[in-house]
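Just below is one structure, and these are the notes that go with it.
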Amino acid sequence: MEYRLTLRPKSSPEPSEHLRRSILRRTHALLKSSLPTIVLVAGMAISLSMVLLLPDLYHSNDWNDMLLWAGKFRANWRDIYINCDRCTYPFVGILVSAGLIQMLDSASLLDTGLLFRLVVGIVDAANVFLLYLLMKQLGIRKSALWAGIVGLLPSSWVGGALWGQIDSYSQFFLLLTLLSIARLNRSMQNEGRRHTLPAYLVLIGLPLTCLMLTKQLAVFNLLVLEGIVLANLFLICRSIPKTIIYAGLFLAWQAAIVLLFDLFLKVEVPYISHLAYVWLTRSNHMHKISGNGFNIWVFLGWAQGASSTEPFFRTFTPRDTGLGLFVGWMAVLSASLFMRLSKYYRTNRPRAFDREILPDLIFFLALTNLCFNVFLSGTHERYLYHFYPMIITGYLGLREHSPLFSRGMLAVLLFGGVSYGLYVFEILSGELPMALFILRDARFQGAFHLFLLIYLSLAYLRYHNFIPRARYLLAGLFAGSPSPGFGDQSGVDADESP
């Protein structure tokens with residue numbers, strides 16, 4: 001008997017099945033490639049959307065103050081610091097608040113308050129796009145996606161247009177300054193065209209001075225950014241005399257911008273500049289424990305408006321102790337950064353900061369914002385506005401160079417942006433689900449951000465090899481394993497993309 005094995009050809013799918021699979025593959029590929037852009041656009045649009053969805057939700061006290069300023073501005077803007085005791089911002093801040101309100105009020109029949117917040121919403125959208133450009137300059141993968149995610153965090157949009165405040169303008173000038181610094185370094189590294197240095201200093205000095213003239217809160221960012229520019233000049237000029245010359249010209253350019261405003265403004269004797277007048281007479285918030293914000297002093301159990309000059313232990317007061325803690329903490333972080341930059345200069349003899357140094361500097365800037373919020377008395381609820389965009393940008397940038405900065409801690413930072421944003425939203429609206437009651441507690445926010453300060457500072461010091469034993473403190477907490485220091489790529493997992 002003869003047996004034959006017959007192989008039947010595998011039946012091919014119907015043409016309609018081929019078409020369905022092809023459409024699914026193309027749709028999946030299109031969604032995957034378009035997702036970063038979609039998230040970026042959503043991050044840019046959310047601030048405007050929330051203002052339109054909640055047109056009656058804004059901070060009425062701040063708005064009434066700015067309406068008062070607008071009336072004084074309309075009457076005689078040159079005398080605004082003499083005739084308006086409650087005008088507490090430098091003049092660029094007055095222009096984008098009182099000046100803008102006065103202009104909108106006279107040019108439109110629509111609700112001036114809504115229009116004002118829509119303009120701030122446009123600035124919020126511009127900030128998300130600037131953040132995308134900055135991340136791209138730093139070589140961060142999936143820059144559009146991450147910039148959009150930062151824009152979607154409640155910490156990014158509650159305290160800006162929805163609140164009805166002008167911190168969005170400060171953020172705009174801050175990001176523009178950082179982007180200009182990144183472009184300067186990229187230009188010097190790739191082309192070495194030092195003849196373009198004066199033009200870049202003009203471009204950096206203009207938004208940096210506008211940042212200084214928007215709100216007094218910018219003083220912490222201002223000191224760091226001025227130091228970054230000075231260190232940058234030393235790398236580019238490669239000599240102390242040239243560095244001093246260029247630094248002097250840079251400061252003179254900034255002073256000229258301030259004095260240009262001062263030429264048209266009147267201030268009380270003996271002040272010769274409105275900036276000095278505002279900073280020295282209308283900027284003291286440290287006399288109380290907190291202004292709806294949170295810090296370590298909320299654990300004392302005192303009322304937030306209680307005096308911070310009363311001793312809590314012998315002669316120690318919250319104001320002076322907090323100032324000492326802030327200065328001491330920042331001194332350690334500054335020493336670590338100085339040693340890092342010194343080693344970088346001795347080892348590489350670079351012409352400018354590279355893509356590993358710039359995220360390091362932004363990380364330091366973020367820690368400065370977090371440190372003063374945690375330790376200083378008198379902090380307000382929106383004082384962390386600049387922290388989360390800066391820390392996430394710096395963290396993502398450093399993740400490109402060290403496995404010490406893990407996915408786990410990145411998730412904690414995203415949770416912090418949501419948590420802090422909802423805390424500010426509850427203060428603004430008075431409405432938050434009871435299930436999220438813990439987020440409304442200033443003590444929870446204080447404890448959480450104290451933890452962030454300690455952990456991120458230890459990670460930063462370890463990254464610089466400033467305190468090598470910190471590896472054992474960090475090994476089991478989010479990082480997974482002790483990490484090599486800067487410049488060591490041996491532990492980097494190529495698949496560990498942000």
Side-chain angles (χ1 to χ4, degrees), residues 90 92 96 123-140 143 147 150 167-215 218-237 242-243 245-258 260 337 341 350-366 368-369 386 389-394 396-397:
V92 171
V96 298
V123 178
D124 283 340
N127 288 341
V128 176
F129 188 73
L130 286 176
L131 188 64
Y132 158 66
L133 294 179
L134 177 61
M135 288 183 175
K136 198 172 180 181
Q137 283 290 317
L138 299 178
I140 295 173
S143 300
V150 172
D167 296 272
S168 303
Y169 292 93
S170 298
Q171 187 91 300
F172 176 81
F173 294 130
L174 173 59
L175 288 169
L176 205 56
T177 301
L178 289 172
L179 186 59
S180 300
I181 291 173
R183 288 291 301 163
L184 165 66
N185 285 276
R186 190 78 177 273
S187 174
M188 293 298 160
Q189 277 189 327
N190 294 346
E191 305 160 20
R193 296 186 302 177
R194 290 186 177 83
H195 64 276
T196 62
L197 180 58
Y200 272 107
L201 290 181
V202 170
L203 290 177
I204 294 170
L206 182 59
L208 182 54
T209 307
C210 288
L211 173 66
M212 175 174 55
L213 291 173
T214 304
K215 293 187 74 170
V219 64
F220 299 97
N221 295 313
L222 178 69
L223 294 174
V224 176
L225 291 170
E226 295 283 0
I228 290 174
V229 173
L230 180 62
N232 218 163
L233 286 173
F234 180 74
L235 286 185
I236 295 170
C237 297
K242 286 185 179 179
T243 302
I245 292 173
Y246 274 109
L249 292 174
F250 181 71
L251 293 175
W253 164 235
Q254 290 182 278
I257 297 173
V258 176
L260 180 63
L337 179 60
L341 295 178
R351 291 181 295 184
F353 293 140
D354 60 22
R355 283 183 168 181
E356 187 177 355
I357 292 293
L358 288 171
D360 197 331
L361 298 172
I362 294 173
F363 199 97
F364 179 83
L365 179 69
T368 304
N369 280 269
H386 302 300
M390 294 299 103
I391 194 62
I392 292 174
T393 301
L396 289 171

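Note that these values count all heavy atoms, side chains included, but never hydrogens, waters or copies made by symmetry. Predicted model only: the values in this text are computed from it and were never measured.
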Practice item. Could you check Met212 against Val258 for side-chain contact (heavy atoms from CB on, under 4.5 Å), going step by step and ending with a plain yes or no? Key: CA-CA 9 Å; Met212 175 174 55; Val258 176; 3.8 Å; yes
Exercise for review: Go through the side-chain N and O atoms of Asp354 and Asn185 and say whether any donor and acceptor fall under 3.5 Å apart.
Suggested key: no
Review point. What are the two closest heavy atoms between Gly397 and Ile140, and how far apart are they?
Key: N-CD1, 3.7 Å
Review point. At what distance, to the nearest 0.5 angstrom, does CG of Leu341 lie from CG of Asp360?
Key: 7.0 Å
Exercise for review: First locate atom OG of Ser143, then atom CG of Leu131, and finally report the distance between them rounded to the nearest 0.5 Å.
Suggested key: 9.0 Å
Practice item. Report yes if some heavy atom in the side chain of Phe250 is under 4.5 Å from a heavy atom in the side chain of Glu226; otherwise report no. Key: yes
Review point. Looking at Leu358 and Ala182, what are the two nearest heavy atoms and their distance?
Key: CD1-CA, 4.0 Å
Practice item. Kindly indicate whether the side chain of Tyr132, heavy atoms from C-beta on, has any atom under 4.5 Å from the side chain of Asn127. Key: no
Review point. Do Leu134 and Ile362 touch side chain to side chain, with heavy atoms closer than 4.5 Å?
Key: yes
Point to revise | Phe234: side chain to side chain contact (heavy atoms under 4.5 Å, CB included) partners, not counting sequence neighbours | key: Ile240, Thr243, Tyr345
Study note, to complete from the structure: Closest non-hydrogen atoms of Arg186 and Gln137, given as atom of the first, atom of the second and distance, are NH1-OE1, 3.7 Å
Practice item. Begin from the C-alpha positions of Phe172 and Leu130 and carry the test side-chain contact (heavy atoms from CB on, under 4.5 Å) through to its verdict. Key: CA-CA 8 Å; Phe172 176 81; Leu130 286 176; 3.5 Å; yes
Exercise for review: Step by step, work out the side-chain contact (heavy atoms from CB on, under 4.5 Å) result for Val229 and Ile181.
Suggested key: CA-CA 8 Å; Val229 173; Ile181 291 173; 4.2 Å; yes
**Study point:** Minimum side-chain heavy-atom gap Phe173-Val92 below 4.5 Å
**Key:** yes
Practice item. Compare every heavy atom of Pro198 with every heavy atom of Tyr246, then report the nearest pair and how far apart it is. Key: CE2-CG, 4.2 Å
Check your understanding: Got a donor-acceptor contact below 3.5 angstrom from the Thr368 side chain to the Phe364 backbone?
Key -> yes
Practice item. Taking all heavy atoms of Ser168 and all of Asp124, pick out the closest pair and write down the distance. Key: OG-OD1, 2.5 Å
Check your understanding: To the nearest 0.5 Å, what is the distance between OG (Ser187) and CD1 (Ile236)?
Key -> 8.5 Å
Check your understanding: If you count the non-hydrogen atoms of other residues, nucleotides and ligands that lie under 6.0 Å from CZ in Arg355, is the total more than 12?
Key -> yes
Practice item. Any chance you could measure Leu225, atom CG, to Asn232, atom CG, to the nearest 0.5 Å? Key: 11.5 Å
Check your understanding: Do the non-hydrogen side-chain atoms of Leu184 and Met188 ever get within less than 4.5 Å of each other?
Key -> yes
Exercise for review: To the nearest 0.5 angstrom, please state how far the CG atom of Leu249 sits from the CG atom of Leu197.
Suggested key: 9.5 Å
Exercise for review: To the nearest 0.5 Å, tell me how far Leu203 CG sits from Leu179 CG.
Suggested key: 10.5 Å
Review point. Are Phe129 and Leu133 side-chain neighbours, meaning at least one heavy-atom pair lies under 4.5 Å?
Key: yes
Review point. Do Asn221 and Leu365 pass the side-chain contact (heavy atoms from CB on, under 4.5 Å) test, and can you show the C-alpha distance, the side-chain angles, and the key distance before you say yes or no?
Key: CA-CA 7 Å; Asn221 295 313; Leu365 179 69; 3.3 Å; yes
Review point. Donor-acceptor pair, Thr393 side chain versus Pro389 backbone, under 3.5 Å?
Key: yes
Point to revise | Partners meeting salt bridge (Lys or Arg N to Asp or Glu O under 4.0 Å) with Asp167 (sequence neighbours left out) | key: Lys215, Arg382
Review point. With side chains defined as the heavy atoms from C-beta onward, is the minimum distance between Met390 and Leu178 less than 4.5 Å?
Key: yes
Check your understanding: Is there side-chain contact between Val224 and Leu361, with heavy atoms separated by less than 4.5 Å?
Key -> no
Check your understanding: How would you list, by chain and number, every residue that makes a side chain to side chain contact (heavy atoms under 4.5 Å, CB included) with Ser180, sequence neighbours excluded?
Key -> Ile204
